[in-house]
J.: 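I'd like to ask you about the structure that follows.
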Amino acid sequence: MPELAEIGAWLRHRLPDLLAENRVPGAAVAVCADGETVDAAAGVLNTVTGVEATVDSLFQIGSITKVLTATLAMQLVDDGMLDLDAPVRTYLPGFRIGDERAAERVTVRHLMCHVAGFEGDVFTDTGKGDDCLEKYLGVLHQVPQLFEPGEMFSYNNAAYCVLGRIVEVVRGKPFDACMRTHLFTPLGLVHAANDPYEAIVHRTAVGHIERTPGARPGPSSVWALARSNAPAGSMLAMSPRDLLAFTRMHLAGGLGPDGGSVLSPASVRAMQQPQVGLPDIGQGTGWGLGWELFDLPGGTVFGHDGNTIGQSAFLRAVPGRDVAVAIVTNGGSPKPVQAEIAGRVLHELGGVEPPAQPMPDPAAPSPNPSRYVGTYKSSTCETAVSRDANGRLWLERTPTGITAELGDAPYRTELVAWRGDALLPVEPERGVRAPFAFLGDDGEGRALYLHTGRADRRVSP
């Protein structure tokens, strides 16, 4: 395919400069179209050792893992071993969260499309043994319920850990073994690793973080989050070409590289059907069973993003065109890198137009400060919205818990009008202006939630 060859040549020429412009230590990219794949790599896997990034290097894919976990669950649906609309307690009788009534009602489907409603950022380390997910379930009995199951979307890492536990209970073997047996092997993934013990035999990237704002990114002292969060994306690492091998199975109606069935066509279609709409936060328009869905000029795109300790991954696919792009990086500001590469691939090969960066609208009505001012809190951050003497709105976010331990920096910016109850930050964060949506009503006209993909609940006026 001439266009794909041109993309490959452009990537090999452009990628080194693109990384340098955005202070990204290293990256690898793969693009597929019409059954062919091109890839490129540049930079280093570790700025201290100087090991060069190659196309078969492993990078953590973070939360893109959730789509593989969802696929494992849908294989169980195909086998008649799992009912998406059954309560979680059908498979995990001991499942408990802070709200007993909600625990009885949460279904497998709720877990898969991020509408279970309980606090989702639970990163408790329950050890490195095969019983870590079983022990993790015991941690959840105190997590608060933010809203009724099924009421709204709020990204939920913990829900995918529960889903992973369901997979291993129904299969009767550890989650990692399920991943290798039912996905790695039939898809021929040879540059993929479930954990550091598997990753060490490959060329593997180390995440890089800024120790102080504006400083050059340096290697993180921790390679991965806890194994208990593996189904949500704490450990899985692979090359972008292997990630596309998984994605092409979804583009091919569930068929693997040898023509054998890995997932039924019905389950492939079901995963790409919207289950819930997203707030106006500059991300996708909806969420399926694992996949994030984007309605763009020219067609629909499905994909997922992933972020771990100093590493970032990006995956987009255009159904019906056999086009997909995977981008993995290990620090710096990856968003502009992803935007430039994906923008060209989706436009030239997929026939769709990626969304433009949100920009302030001078004609938008001034926001009503009284609706937004207050403090919003989750287990990973506390966000204060205040009004100054001139009536301007300011947002200040302070990392807490695991995000503070891993070195996430505080963030302060002015908020200005954008669209309705979605406000736009004046100062980009890591190269991106991501909208903040204010949802609900606390009974006194104030927003009940601050939504950035996760719903953080108001805790003070």
J.: In terms of side-chain heavy atoms, does S378 have a donor or acceptor partner in D121 at a distance below 3.5 Å?
T.: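 On atom types as modelled, these side chains do not qualify, holding no pair under 3.5 Å.
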
J.: Between S57 and H191, do the side chains contain an N or O donor and an N or O acceptor separated by less than 3.5 Å?
T.: no

J.: Measure up the F153 and H451 rings against each other and bin them: parallel (under 30°), tilted (30 to 60°), perpendicular (over 60°).
T.: parallel

J.: Applying side-chain hydrogen bond (donor to acceptor under 3.5 Å, both in side chains) between T107 and each of R105, R109, H110, report the one that passes.
T.: H110

J.: Check whether more than 12 heavy atoms from other residues, nucleotides or ligands sit under 6.0 Å from atom CD of Q357, and answer yes or no.
T.: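 More than 12 heavy atoms, drawn from other residues, nucleotides or ligands, come within 6.0 Å of this atom.
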
J.: How are the rings of Y411 and F436 set to each other: parallel, tilted or perpendicular (split at 30° and 60°)?
T.: parallel

J.: With F314, which residues qualify under ring pair (Phe, Tyr, Trp, His ring centres under 6.0 Å), at least two apart?
T.: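 Result, ring pair (Phe, Tyr, Trp, His ring centres under 6.0 Å) vs F314: none returned.
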
J.: Say whether S312 and Q338, considering side chains only, have a donor N or O and an acceptor N or O under 3.5 Å apart.
T.: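 Per modelled atom types, S312 and Q338 side chains form a pair under 3.5 Å.
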
J.: So, T400 and E382: side-chain donor and acceptor under 3.5 Å apart, yes or no?
T.: no

J.: Quick test of your reading of the model: are R433 and E427 salt-bridged, counting only N-O distances below 4.0 Å?
T.: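 Salt bridge absent between R433 and E427.
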
J.: The test is side chain to side chain contact (heavy atoms under 4.5 Å, CB included); show your working for L68 and M238 and say whether it passes.
T.: CA-CA 12 Å; L68 283 81; M238 59 178 60; 4.2 Å; yes

J.: I'd like to know if E100 pairs up with R89 as an ion pair, taking the criterion as any Lys NZ or Arg NE/NH1/NH2 lying under 4.0 Å from an Asp or Glu carboxylate oxygen.
T.: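 R89 and E100: salt-bridged.
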
J.: Would you mind telling me which of Q283, K66, H114 makes a side-chain hydrogen bond (donor to acceptor under 3.5 Å, both in side chains) with Y155?
T.: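 Testing Y155 for a side-chain hydrogen bond (donor to acceptor under 3.5 Å, both in side chains) against Q283, K66, H114 leaves exactly one candidate, K66.
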
J.: Is R165 salt-bridged to E168, cutoff N-O under 4.0 Å?
T.: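 Salt bridge flag = yes for E168 with R165.
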
J.: Quick one: sort the Y376 and F438 rings into parallel, tilted or perpendicular, breaks at 30° and 60°.
T.: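 Rings of Y376 and F438: perpendicular, as their planes differ by over 60°.
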
J.: Return yes if a side-chain donor-acceptor contact under 3.5 Å exists between D78 and S267, otherwise no.
T.: yes

